[in-house]
Structures are given as structure tokens and as C-alpha cells.
Amino acid sequence: MTDTPENAKTYDPKAIEGALFSKWLEAGYFRRDAAGYADMSLDPFTIVIPPPNVTGLLHMGHALNNSLQDMQIRKARMQKRPTRWITGTDHAGIATQNRVEAKLASEGLTRFDLGREAFVEACWEWRELYGRTIIEQLKLMGCSCDYEAEQFTMDEGYNRAIRKVFVDWYHAGLVYRGLRIINWCPRCTTALADDEVNHIDRDTHLWYIRYPLLEPVDNISYVVVATTRPETMLGDSGVAVNPDDPRYSALLKAGAQVRLPLTDRIVPIVADEFVDSEFGTGAVKVTPAHDPNDFELGQKHNLEQINIFTPEAVVNETGGRFAGLSRDDAREAVVAALEDLGLIDHIDEYSHSVGCCYRCDTIIEPWASEQWFVSMQQLAAPAIEAAKDGRISFHPARWQKVYFHWMDNIRDWCISRQLWWGHRIPVFYCDDCGWVDASEQDIEICPACGATVRQDEDVLDTWFSSQLWPFATVGWPDDPNAMEELSRNYPTQVLSTARDIIFLWVARMIMSSMYFLDNTVPFTDVFLHPTVLDRFGNIMSKSRGNGVDPTDLIDLFGADVMRFGLAAQVTGIQDIKFDQDKLDVYRNFTTKIFNASRFVFMNLDDFDNDGDRVIPEPVTAADSNILSKLATLTEFLNDEQNHFEFGAQSRALYSFFWNEFCDWYIEFAKSQLADPATRRSTQKNLVYVLDIALRLLHPSMPFITEDIWLRLPHGDQIPSLVVADWPKTEDLAIYADAQAERSIDLLIAVVTALRSTRARYQISPRTALPVVINATGQNAAEDVIILDKLSNQLNAMANYLDISIGIDVVKPEQSVMVLADGLEIHIVLAGLIDFDAERTRLVKEFEARKKEIERLQNKLNNEGFITKAAADVVQKSRDDLERLISENVGLQAKIMELQ
RNA sequence: GGGCGUUUGGCGCAGUGGGAGCGCGCUUCCUUCACACGGAAGAGGUCGCUGGUUCAAAUCCAGUAACGCCCACCA
């Protein structure tokens with residue numbers, strides 16, 4: 001098809017999206033005051049965006065999350081609330097450093113070749129490039145962020161916030177330095193926090209190794225220990241058994257010692273409750289420097305910490321002849337050496353989970369080292385309280401439990417990273433006199449002795465800066481406007497994010513905000529969006545290569561389709577199995593919106609609204625019905641209970657627009673427009689319903705709605721849908737009209753009956769048919785009046801020859817009967833069909849109703865049901881029974897007649 | 001080891017105590033004047049399994065199976 005824009009039958013997002021977005025930006029609508037359209041006296045609505053990492057491009061999770069945030073922001077903006085969607089990017093310390101290092105590696109360089117300063121410079125260049133791309137992608141999606149105040153976690157003001165937090169916590173004793181077993185990534189050569197380690201199940205072996213005793217005890221000459229890491233035996237400094245294990249009581253009593261193979265180190269056998277007698281041999285080798293449990297055991301029993309690895313997890317000089325081997329090579333070599341000595345007792349197959357770096361998947365080496373920590377328990381207490389007393393709510397609510405579980409078992413947080421990209425730890429050391437302090441300002445000269453001081457080499461965990469995002473982004477602590485900003489617009493309203501960063505990020509924001517901002521929570525609602533999986537239900541990842549690029553989707557379908565399609569799949573329960581083909585449905589929806597609007601425009605040639613805001617003029621039942629349904633839709637969308645039910649909202653919009661508006665109202669409108677008596681009122685109603693529908697659709701589909709709305713003669717003087725009024729429940733409530741809905745239900749029942757009969761017997765719509773309708777329902781008299789009034793509409797929708805409607809009317813000969821909504825619809829088909837088939841069909845219907853009648857009779861004969869069920873439920877059963885019996889009387893008569 | 005979630009027509013999913021629904025796909029008919037990315041009419045399900053509570057269970061409870069996710073110092 002070669003469409004010109006004028007007669008195009010499909011919507012082309014590419015033609016309008018970019019231009020509209022630029023217009024919105026230039027108009028300043030995304031500022032808090034919406035370029036003057038906001039009512040600054042209303043409650044503000046603020047969202048802080050989860051800052052995307054500057055490591056790469058946006059993925060489907062971002063597309064979903066940012067669509068949902070934009071929907072909320074746009075609705076609030078149309079409600080005239082002061083809105084601000086604070087946006088920006090995260091420097092993402094370890095992730096970015098890895099990317100930049102990888103780039104250098106491709107040029108044959110390492111960060112050490114560049115040196116710290118030049119490497120950090122290279123990271124900034126990376127950040128400039130990707131930070132800009134990410135912001136461009138947000139714009140492509142139509143996100144109405146406050147781009148004029150874009151934030152970055154390494155901005156000057158932001159850095160001051162980090163300094164203050166660190167220094168305050170340091171002086172309060174909440175930040176401390178200590179020697180601990182930490183998670184060490186030998187590839188990134190940095191410490192990691194506990195929650196930055198992924199545990200992955202691996203198939204491996206359990207090696208049983210004989211450790212010879214220094215001197216035999218009761219004919220026992222060795223103990224067998226079981227281990228998954230034989231190479232660490234080079235750093236063993238003891239063997240532990242359970243004190244109650246009878247197998248080892250003699251050894252313990254004798255104070256037996258072990259001569260460690262390969263190193264000939266003599267180490268003690270110690271007793272500790274920690275050892276599980278059931279596991280392995282009940283004897284465990286103790287390597288305090290390379291295992292968290294052994295570290296504790298070692299401290300308790302005063303065992304030596306013997307570090308056998310370099311930072312890259314290569315065996316160091318302590319390993320003697322194994323020095324220089326990697327962890328894996330050392331394992332093979334140690335096992336081979338032990339085998340040569342006949343000390344491998346046996347080997348079992350074994351499967352257990354191994355900690356891996358969340359950034360590069362390298363196996364973590366537990367490593368004893370000096371690191372900085374935040375003491376968490378004191379910070380967690382008020383944050384737990386805030387969720388308990390409802391100052392913070394989780395959506396879906398079940399995530400609150402996950403939050404509590406983590407907070408109740410919180411452990412100290414390792415915040416130092418041996419990286420170069422990030423916020424350098426603001427602690428200064430004087431090597432001359434031993435002076436140490438944390439400082440918000442850089443220090444060069446030791447205040448104690450005047451010598452030159454040095455700053456700590458390490459940087460802070462990325463999440464240490466991310467945790468300050470809600471308040472550091474508005475200038476806390478020392479921007480002159482910060483306190484004003486915080487007093488008016490804090491806490492923010494909604495924090496929308498993925499569930500895998502509840503601990504890494506959400507919990508820590510709550511804790512730091514409450515500590516520094518006088519016990520104020522950073523946000524009142526936490527929304528955890530579903531995970532976007534591939535169409536088979538697998539997590540999307542680079543390694544699987546199953547990721548989908550949102551910009552490709554925007555290119556293919558347009559931003560509206562992607563946004564609506566994602567939002568429609570949010571149910572609060574299930575993750576989204578994303579299948580690109582499913583977006584066809586929503587592309588068809590935009591086509592439908594486009595063409596329905598085209599129909600409206602095509603019928604407005606003579607429409608003049610005198611420049612006033614178009615208000616509806618319900619004349620026919622169809623008019624009243626569509627306005628009533630519109631009122632119901634508006635109420636549904638405004639119901640607070642549905643705020644996070646994005647799927648339900650999308651479905652309500654979809655079915656209203658397609659099924660109510662397009663399938664029925666537009667069809668009714670065709671005949672109403674042809675009638676001079678109703679033409680003008682119908683035009684008004686079409687314009688009004690479309691106007692309101694576009695407003696309701698705008699948060700999820702900002703582009704197509706704006707494009708149509710700008711051309712629609714609704715009479716609203718506001719220059720953009722972005723800042724137009726959001727429909728209020730109470731404003732639409734006046735159109736609620738149960739009677740009109742009942743009328744249209746009846747009309748639809750009759751029309752459907754006629755159509756299905758035609759379809760069943762393949763009778764052309766052009767063949768006009770005589771029809772007799774016998775009203776038999778509870779409101780038969782009323783139904784007759786309603787249908788009489790609707791006979792014009794009826795004829796327009798279902799071509800009949802001549803119709804009579806009444807109670808106990810004479811049933812025509814040679815006709816078929818269809819039952820619908822308390823009506824017997826008789827359609828005269830003399831000479832057109834074989835009535836035997838019709839009779840068979842009716843018998844089937846009769847039997848089905850008979851079954852249902854029996855079921856209802858049993859129910860109503862049940863004493864328990866009558867006495868215990870709610871009155872309206874009992875009444876409904878009685879009504880249903882009465883209706884079915886009456887229908888079957890009619891059916892039986894008809895069947896007899898056809899015999 | 002602990003916790004959470006899912007199981008509804010061929011596929012993807014709504015529905016949380018009283019009539020089993022939506023979209024895709026499928027069948028039949030229709031290109032007339034909003035839209036074939038469309039319209040009309042249909043077929044298709046004993047709601048994983050077992051037991052319990054209840055007058056009444058897809059819906060609540062217990063157990064069970066399969067799948068998925070999270071947490072945990074499983075040498």
C-alpha cells in the first residue's frame with residue numbers, strides 16, 4: 001500500500017515521536033512547575049530514577065521500569081501536582097573500571113601502564129560517551145525526566161555528600177577499619193561486599209586426605225580430613241574435630257599434633273562445637289587465611305593465619321615448590337603430590353555452591369585483609385521500624401518480608417574497594433607520627449607533626465554513593481537550596497526498581513536517609529517491578545545472548561507500543577516472559593486508536609464548537625452508555641488501590657477503547673451521524689469521549705495520544721496533552737447511567753442473536769428478515785419499551801424486515817428462536833433453512849438448561865444454603881432458576897412446534 | 001538447610017469464596033464508505049494432584065509433585 005500521510009491507515013511513530021519530544025522539552029513541561037501549568041499548592045510527586053550504570057546501554061528492565069515511572073509522573077503532572085523525576089547516572093565503580101580495562105586490554109594495555117590519573121581520565125571519557133547515550137535512550141522512550149538538572153554520582157556536590165557521610169560515620173564509630181576475611185575477586189583484585197557475590201552450584205570433588213600424626217596414638221597414625229580445596233592445605237594451621245566425637249577423644253586427650261604433608265608444618269588438633277561430626281570424617285582442616293569459618297576457628301584457638309596467595313590468587317613464596325602456580329594448577333599439583341605420598345584416602349563426587357564475582361564471574365577467594373566496614377545494626381533498627389509502622393510500604397507487599405529477613409540478619413558492610421574509579425576514601429595517614437583521621441577537606445600536612453600525609457589508596461563501594469541518591473541529588477548537604485527542597489519535596493513518593501537490589505540499594509537508602517535526615521524516610525512506597533525474561537522464561541543476559549535492545553523495539557514499533565506492551569504485562573505476581581511478537585497486539589492497538597480517531601475527524605467537517613470546551617450531549621441510549629462506561633473506566637484508573645496494577649489499568653484502557661468505543665459506539669454513531677436530529681450531539685460525544693480517552697491513555701502512550709489530541713477540536717485551550725487536565729472521577733460520575741447500560745445490553749443481545757443466526761445458516765446480511773421479540777424476563781414490560789425506542793439503532797445494526805416487540809406476542813411460523821437476556825427472539829426463516837437442524841440445536845440448548853435447572857434446584861433445596869448464604873446470593877439463584885424454567889418452557893414449545 | 005513464587009483451553013496470561021475470562025493461534029463467513037495491524041460468528045478448559053474447612057472452593061487451609069527465584073559460613 002502506498003499511503004500518503006492524508007489517507008494513511010496505519011500510525012507511523014517515527015514521523016512524530018522525535019518532534020513531539022523536542023517540543024515538550026523546549027516548553028519546559030518536565031520541570032516541577034510544568035512550565036507554569038502545575039498547581040504548586042498541591043502535594044508534590046517526586047520520583048528518583050534508579051540511576052543506570054554508565055557501563056553500557058539500557059536493557060529491557062530499564063525499559064519496563066522507566067515506562068512505569070513515566071506513567072506515574074505523567075499522570076501526576078496532568079493532575080497538576082508539582083512533579084519532578086530526578087534523573088542521572090551512576091559511575092558504577094567496579095563495572096565501569098572493568099569495561100575500561102577491557103578496552104585497554106584490546107589495545108594491549110593495562111591500567112598500570114596508564115597510571116592512576118590517566119586511567120581515571122579514561123573512565124571519565126567512557127562516562128561522557130555512555131552517560132550521554134543513556135540519557136538519549138530515556139528520551140527515545142518518552143521519559144519525562146527533569147533533564148535540565150541531570151545528576152551523576154561523581155558530581156562535585158555529590159562528592160561532598162559522600163565525604164560528609166563517611167566522615168560523620170567515622171567519627172560516630174560507625175565506619176571502622178579491620179582485618180577480616182572478605183570476598184576477594186582475584187581478577188578485579190578488589191574486595192567485594194557479601195551481597196556482591198553470587199553463589200553458583202558447581203560439580204567438583206571432595207578429597208579425603210590423610211594427615212599423619214606427629215606420634216601415633218593408640219595405633220592411630222593419621223587423621224583423614226575432607227576438603228573441596230586441597231590446595232589450601234598449604235596454608236593449614238590446624239585440624240578441628242567436635243569435642244564430643246568419640247573417634248577423636250583419644251587424640252584430643254593425648255594432645256596429638258599433625259605433621260602437615262608437603263610443608264612438614266606441625267599443627268595442633270583442636271576441639272570445636274562448630275565441627276559437624278556427620279560430615280566427611282568429622283575432622284576438618286583449618287585454613288584461617290582462606291576460609292571464613294576457619295578464620296573464626298583460628299581466632300578462637302589462636303591458630304596462625306598463613307596467607308598462601310598473591311592478590312591474583314597465585315600461590316606465593318609460602319607455598320614452597322608450588323609457588324607461582326594458579327589456584328587451579330596448584331590444586332592439581334598438590335593432589336598429585338599427595339597421591340605420590342599415598343596420602344589421598346579417597347575422592348568423592350561432590351556438588352556445592354561456589355562464590356563468584358557479580359561483575360566478572362571469577363571465583364571469589366576468601367582473603368584475610370584490612371578493609372573498611374560500616375557497622376550496620378544501629379542503622380538498621382530505625383529502617384526496620386519505618387517499614388513496620390507503614391511509613392514505607394512495599395508493592396507487592398510480600399517483598400516486605402524479604403526486606404525484614406535481610407535487615408534482621410544484617411552484617412557489617414565492607415565498603416573499601418581496591419579500585420581506581422570511584423570516590424577515594426577520605427582518610428589521611430601520617431606515617432611519621434601515626435596520626436590518622438577522616439576529613440571532609442583534603443589534608444596535606446599532618447596537624448600533629450607537620451609531616452606530609454597520604455590519603456587512603458582505596459575507593460568506596462559504588463553502593464556507598466548510590467545510597468545517598470534521593471538526597472544528594474538535591475544538593476544535600478551544602479547547596480543553599482537543599483534544605484528548602486528537602487523540606488517541601490521529601491520524602492519522595494515512589495521508588496521503583498528491580499528486586500535484586502532491595503539490599504544493595506533500597507535498604508541502604510532508607511538507612512542513610514533516616515540517619516542523616518532526622519529519621520525521614522527517602523520514599524513512602526517501594527515498587528518492585530517484575531523481571532523481564534526471554535520468551536522461554538530464562539533470565540536475559542549477555543552470556544546467553546538472549547537480550548532484547550529496547551531501542552530496536554522503539555525502532556520497529558515505536559515507544560508507545562513498547563511502553564504499553566510492557567505495562568500491560570505487569571501483574572504483580574508473575575515475571576514477564578517477553579516475546580517481541582506479542583507487541584504486534586499493541587501495535588494493532590495503536591492502529592485502532594489511529595483509525596478510530598480518523599473516523600471521528602472524517603465526520604467533523606461541519607462541526608463547530610465555537611471555541612468552547614466540548615461537553616457531551618447524551619441523546620440516545622448509546623450516547624449515555626458510552627459516557628457511563630467512560631465514567632467507570634475513569635473511576636477504575638483513579639482508584640488508589642489500582643495505583644501499581646499497571647496490567648489491570650492497561651487492560652481496562654484497551655477493552656474500553658476497542659470493545660466499548662470502537663466495536664459499539666462508533667458503529668452506533670454511524671447511523672446517528674446520518675440523522676440530522678442527532679448529528680451534532682453525536683459529534684460532540686465522539687469528540688468528548690475521544691478527548692477523555694486520549695487523556696487516560698496519555699501516561700502510557702504519550703506520543704500517539706498527543707498527536708491526535710492536538711488535532712482534535714475539543715476546545716481545550718491548553719497547548720499540550722502533557723499538561724492537560726487528568727479526568728477526575730467526580731467529573732465523570734454524573735454520566736453514570738445504569739439504565740442506558742441495560743438498554744445497550746439488550747440491544748447488543750438482540751443484534752448478536754440475529755448475527756449469529758445468520759452466521760449459523762449462512763444467510764447474507766443483505767437478506768432482511770422478519771423478527772418477533774417476545775419479552776419474558778422479570779422486567780419484560782420495561783424491556784419492551786426500551787427496545788421500541790431503540791428500533792432505529794436496531795435496524796442499523798442488524799438488517800431486519802419488520803419487527804414486533806411485546807409480551808405474549810404471537811410467535812411466527814417457520815421461524816427459529818434465540819434466547820437472550822430475557823428475550824425470545826423469533827426470526828422468520830421460511831424457505832431459507834432446514835428446520836430439523838434447528839430443532840436439534842434447540843434440544844441441545846434445552847438439555848443444557850435442564851442440567852443447570854437441576855443444579856439450582858438442589859442448591860435451593862439445601863437448608864444450609866438458604867439459611868447461611870447471603871440473601872442476595874440466594875435471590876440470584878432463585879431469579880436464575882425462574883428465568884431458566886421460563887426459557888425452557890419456551891424452548892419446549894418451540895421444539896414441539898418443529899416436530 | 002530456610003524462604004518466596006508459579007502450575008487455569010495449543011501458546012502467553014487475567015481472575016482470590018457463589019455464573020470459568022482475555023490476547024494470540026484455530027474454524028466459518030465478510031474486502032461497503034475508520035481500521036484486513038480489520039469486522040462478524042464459532043470451536044476449545046472436570047482451573048497440577050490428594051485431603052480438609054464451608055451450604056458453596058479455580059479461589060481458603062494442610063500435604064504432595066514439577067518448574068523458577070532468593071537467602072544461608074553445605075569443610
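First the proteins, then the strands, lettered A, B, ... as listed; each starts at 1.
Between rC37(B) and N595(A), no contact under 4.0 Å exists linking OP1 or OP2 to a side-chain N or O. In this structure, R411(A) reaches the rC73(B) phosphate: one of its side-chain N or O atoms is under 4.0 Å from OP1 or OP2. The phosphate of rC35(B) (OP1 or OP2) has no side-chain N or O of K670(A) nearer than 4.0 angstrom. Within the structure, a side-chain polar atom (N or O) of W658(A) is placed less than 4.0 Å from OP1 or OP2 of rG39(B). Phosphate proximity of rC71(B) to H199(A): absent, as no side-chain N or O sits under 4.0 Å from OP1 or OP2. Contact check, T571(A) against rA14(B): a side-chain N or O comes under 4.0 Å of OP1 or OP2.
Ring geometry, F661(A) versus F656(A): the interplanar angle falls under 30°, so the pair is classed parallel (tilted spans 30 to 60°).
Defined by atom type and a distance below 3.5 Å, a donor-acceptor pair is missing between the side-chain atoms of N659(A) and W664(A).
The side chain of K592(A) approaches rG39(B) more closely than any other nucleotide in the set rG39(B), rC69(B), rG18(B). When each of rA41(B), rG39(B), rC37(B) is scored by its nearest atom to the side-chain atoms of T591(A), the top-ranked nucleotide is rC37(B). With distances taken from any side-chain atom of R651(A) to the nucleotides rC35(B), rU28(B), rA14(B), the minimum falls on rA14(B).
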Can you give the dot-bracket line for RNA chain B, using ( ) for pairs inside the strand, [ ] for pairs that cross earlier ones, | for pairs with another strand and . for unpaired bases, where Watson-Crick and G-U count if both distances are under 3.5 Å?
((((((((.[[[[.)..(..]]]].(((((.......))))).....[[[[[..)....]]]]])))))))....
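Between the base of rC35(B) and the side chain of K9(A) there is no donor-acceptor pair shorter than 3.5 Å.
The distance from atom SG of C414(A) to atom CD of E196(A), rounded to the nearest 0.5 Å, is 8.5 Å.
Screening I708(A), D560(A), N595(A) for a side chain to side chain contact (heavy atoms under 4.5 Å, CB included) involving Y11(A) leaves a single residue, D560(A).
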Check: protein-nucleotides 1-11 of chain B nitrogen or oxygen pairs below 3.5 Å:
from, atom 1, to, atom 2, distance (Å)
rC4(B), OP1, K401(A), NZ, 3.4

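S353(A) comes within 4.0 angstrom of a nucleotide base, judged by non-hydrogen atoms across all strands.
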